[in-house]
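Written out below as C-alpha cells is the structure these notes cover.
These values consider heavy atoms only, across backbone and side chains, with no hydrogens, waters or symmetry-generated copies.
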Amino acid sequence: MRKIKWGVLGTAGILAQTGVGMQVAELCEPYAIAGRNAEKVEKTRALYGFEKAYTDYEELLNDENVEAVYIPLPNSLHCEWTKKALRHKKHVLCEKPLAPSEAEAKELFEVARENGVYLMEAYAYTHSPFIKAVKKEISDGAIGDILYMEAAFVYSEHAETNIRMNKETCGGSVYDVGVYCTTLIQTMLGEEEPVNVQAIAEYTDKGIDSCCNVLMRYADGKKATLTCGMCLEKCKDRRIDRFVIHGTKGAITSRKFEFNLMGQLSYEVADENGNIRTETVDCPQNYALEVDQRSRCIQSEEKPYVTEAFTLQNARTIEAIVKAINY
C-alpha cells in the first residue's frame, strides 16, 4: 500500500504524540499543517516533517493533495471543522469527543456518507495490543461472565488559561478524560449500553467539572463505575490510570498501565482460587497504529476500527452523565 498524504488542522499539544506517530507510521506522509500563528505553524512543520504549512485552515482543505485530515482542535470546534473537511472530500480522523451530543455526531457521519469519505473518532489507545489482549482474555472466558468493572483517569489540574478549564470550549473532566473511561468500559463489555446512569461531580469557580464519579447499571444486572478528574497537583504531570474487571471466575487488574502509554504494559489475571498470573504486552506507538489503520481504510476494504456505532453509543453515555451532573 502507498502512503496517504495527511493534513493537520491546528498545532495542539497532543501533536507531541500524534505528530511523532505520523512520522513513524508506515502508511502516513505528513504533508501539510495549518494554524493561526505563522511562527508556531512553521516550528511545528519543521519539528514533525510536514512538507507544507498554512496559516488558514481553509487553505489546507483546498489543497487537492491532502487526502486525510487529523483534527486536534478544541472540543468546541470539532463539529464545525470536521463538517468542513468532509465537505472538501477529505477523510477525517477527529480527536475525542467527536461531538458533544449523539445528534451532532450522527449528522457528521451523514455528511461523511454524502461525500463518500470515512470519518473516525480518535481513540488511539483502543488500537493498542494491550487493550486487545485484555479483551481476548474476556472473550476466552478467563474470568467468566463480567459482573462489575471500574475504570479511572485522573490527572493534574490545568492552568486557568487552558481551554480544558472553560465550559465554552467543552472543557471539564468528563469530556476530556471521562470519555477514555466510558470507551474502555464499552470496549470490554461489548455492545451493551447502560440502562441507568447516576453521577456526581465537583465544579470549579468557572463551572466546569473538576472531578466526577459515575455508576452505570446494565440490563442484565452488571455494573460499572468510573472516576475522572483534573484535580491532582496543579500544572504537574501527575496522573492515575487504572481498571479492574471482575467476573464470575476471577478478575483482571491493570498493573503497569496508562492510556496511550507505549512500551511494556502489564495486567494480572486472578482466578477464583486465588492463583495469579501476570501478562506483559509490548506496545508500539498507539497514534502510529491509529493513523496506519485509518490509512488502510482509505485504500482498502478495511473498516474504521472505531466504528460509527461505537461513537454514537459512547455519545449517548456521555450525554447521560452530563445530564446527571447538570452540566
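A donor-acceptor contact closer than 3.5 angstrom is absent between the side chains of Glu59 and Tyr57. Side-chain N/O atoms of Thr248 and Asp145 include no donor and acceptor closer than 3.5 Å. Neither side chain, Thr183 nor Asn314, offers a donor N or O lying under 3.5 Å from an acceptor on the other. Side chain to side chain, Asn65 and Lys5 fail the donor-acceptor criterion of an N or O pair below 3.5 Å. A donor-acceptor contact under 3.5 angstrom links the side chains of Tyr148 and Thr225, judged on distance only. Side-chain atoms of Thr311 and Glu121 include a donor-acceptor pair closer than 3.5 Å. With 3.5 Å as the limit, one finds a donor-acceptor pair spanning the side chains of Ser101 and Glu104. For Tyr31 and Asp63, the side-chain atoms include at least one donor-acceptor pair closer than 3.5 Å.
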Indicate every side-chain donor-acceptor pair of residues 317-324 with a distance under 3.5 Å to a residue at least two apart or in another chain.
| from | atom 1 | to | atom 2 | distance (Å) |
| --- | --- | --- | --- | --- |
| Thr317 | OG1 | Gln313 | O | 3.3 |
| Glu319 | OE1 | Glu102 | N | 3.0 |

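In this structure the side chain of Tyr287 reaches within 4.5 angstrom of the side chain of Asn260, judged on heavy atoms. Using a 4.5 Å heavy-atom cutoff, the side chains of Leu226 and Asn213 are not in contact. Counting heavy atoms from C-beta outward, Met165 and Met230 have side chains that approach closer than 4.5 Å.
In this structure, Lys106 places its NZ atom where only 12 or fewer heavy-atom neighbours from other residues, nucleotides or ligands lie under 6.0 Å away. Counting heavy-atom neighbours within 6.0 Å of Glu202 CD, excluding the residue itself, gives a total of 12 or less. Other residues, nucleotides and ligands contribute at most 12 non-hydrogen atoms within 6.0 Å of the CZ atom of Arg242. The 12-atom threshold is exceeded at CD of Glu58, counting heavy atoms of other residues, nucleotides or ligands nearer than 6.0 Å. Annotation: Asp205, atom CG; neighbour count of heavy atoms from other residues, nucleotides and ligands within 6.0 Å does not exceed 12. Sparse packing is recorded around NZ of Lys249, with 12 or fewer heavy atoms of other residues, nucleotides or ligands lying under 6.0 Å away. Enclosure of atom NZ in Lys43 is not indicated, since only 12 or fewer non-hydrogen atoms of other residues, nucleotides or ligands lie within 6.0 angstrom.
Under the 4.5 Å side-chain heavy-atom criterion for ILVMFWY residues, a single connected hydrophobic cluster contains both Val69 and Trp81. Cluster annotation: Leu27 and Leu93 are assigned to distinct hydrophobic clusters (Ile/Leu/Val/Met/Phe/Trp/Tyr, side-chain heavy-atom contacts under 4.5 Å, transitive). Linking Ile, Leu, Val, Met, Phe, Trp and Tyr residues whenever their side-chain heavy atoms come within less than 4.5 Å leaves Ile4 and Val92 in two separate clusters.
When all heavy atoms are compared, the tightest approach of Asn75 to Cys170 is ND2-O, 3.1 Å. Across all non-hydrogen atoms, the minimal contact from Met22 to Tyr70 is CE-CB, 3.7 Å. Considering every non-hydrogen atom in both Ile33 and Val41, the closest pair reads O-CG1, 3.9 Å. Taking each heavy atom of Glu290 and Ala124 in turn, the nearest pair found is OE2-N, 3.2 Å. The two residues Met188 and Ile245 come nearest to each other via the heavy atoms CG-CD1, 3.9 Å. Closest approach of Cys212 and Ile325 over heavy atoms only: SG-CG2, 4.0 Å.
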**CA sep, side-chain torsions, deciding dist, call: Glu160, Asn162, side-chain hydrogen bond (donor to acceptor under 3.5 Å, both in side chains)** = CA-CA 6 Å; Glu160 291 184 5; Asn162 192 291; over 6 Å; no
**Item:** Worked verdict on Val177 versus Val154 for side chain to side chain contact (heavy atoms under 4.5 Å, CB included)
**Value:** CA-CA 8 Å; Val177 290; Val154 182; over 6 Å; no
**Prompt:** Given Thr280 and Tyr267, is the side-chain hydrogen bond (donor to acceptor under 3.5 Å, both in side chains) satisfied, shown in steps?
**Reply:** CA-CA 7 Å; Thr280 300; Tyr267 61 88; over 6 Å; no
**Asked** Given Lys3 and Glu26, is the salt bridge (charged side-chain N to carboxylate O under 4.0 Å, His left out) satisfied, shown in steps?
**Response** CA-CA 7 Å; Lys3 290 189 174 185; Glu26 295 179 359; over 6 Å; no
**Request:** For the pair Lys96 and Asp176, evaluate salt bridge (charged side-chain N to carboxylate O under 4.0 Å, His left out) and give the outcome as yes or no after the intermediate values.
**Result:** CA-CA 8 Å; Lys96 53 77 191 166; Asp176 194 41; 3.4 Å; yes
**Verdict with supporting geometry, Lys135 and Glu137, salt bridge (charged side-chain N to carboxylate O under 4.0 Å, His left out)** = CA-CA 5 Å; Lys135 192 173 180 180; Glu137 295 276 8; over 6 Å; no
**Request:** Decide salt bridge (charged side-chain N to carboxylate O under 4.0 Å, His left out) for Glu192 and Lys222; before the verdict, give the C-alpha distance in whole Å, the side-chain angles of both, and the deciding distance to 0.1 Å.
**Result:** CA-CA 10 Å; Glu192 295 180 76; Lys222 71 167 60 73; 2.8 Å; yes
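Distance alone, capped at 3.5 Å, places no donor-acceptor pair between the Asn166 side chain and the Glu168 backbone. Counting only distance, with no hydrogens or angles, the side chain of Asn37 and the backbone of Lys40 share a donor-acceptor pair below 3.5 Å. In this structure a side-chain-to-backbone donor-acceptor pair under 3.5 Å is missing from Thr82 to Cys79. With hydrogens and angles ignored, the 3.5 Å screen pairs a side-chain donor or acceptor of His78 with a backbone N or O of Pro97. Looking at Gln285, its side chain does come within 3.5 Å of a backbone N or O of Gln17 through a donor-acceptor pair. The closest donor-acceptor contact from the side chain of Asp271 to the backbone of Asn273 lies under 3.5 Å. Of the possible donor and acceptor atoms, one in the side chain of Asp241 sits under 3.5 Å from a partner among the backbone N and O of Phe259. Glu258 places no side-chain N or O within donor-acceptor distance of the main-chain N or O of Leu261, the cut-off being under 3.5 Å. Looking at Arg45, its side chain does come within 3.5 Å of a backbone N or O of Phe50 through a donor-acceptor pair. Side chain of Thr307 to backbone of Phe310: a donor-acceptor contact under 3.5 angstrom is found.
A side chain to side chain contact (heavy atoms under 4.5 Å, CB included) with Thr204 is found for one member of Cys231, Ser210, Cys211 and no other, namely Ser210.
Ring geometry for His127 against Tyr305 counts as tilted: the plane angle lies between 30° and 60°, on a 0 to 90° scale. Between Tyr125 and Tyr123, the ring planes are perpendicular. Angles over 60° get that label, and only those under 30° would be called parallel.
The distance from atom CZ of Arg277 to atom CD1 of Ile252, rounded to the nearest 0.5 Å, is 7.5 Å. To the nearest 0.5 angstrom, Lys167 atom NZ is 9.0 Å from Asp209 atom CG. Here Asn286 contributes atom CG and Ser128 contributes atom OG; the two are 4.5 Å apart, rounded to the nearest 0.5 Å. Distance check, rounded to the nearest 0.5 Å: CD of Glu233 to CZ of Arg238 gives 4.5 Å. With values rounded to the nearest 0.5 angstrom, Arg294 atom CZ is found 12.5 Å from Cys28 atom SG. The CZ atom of Phe243 sits 11.0 Å away from atom CD1 of Ile185, with the distance rounded to the nearest 0.5 Å.
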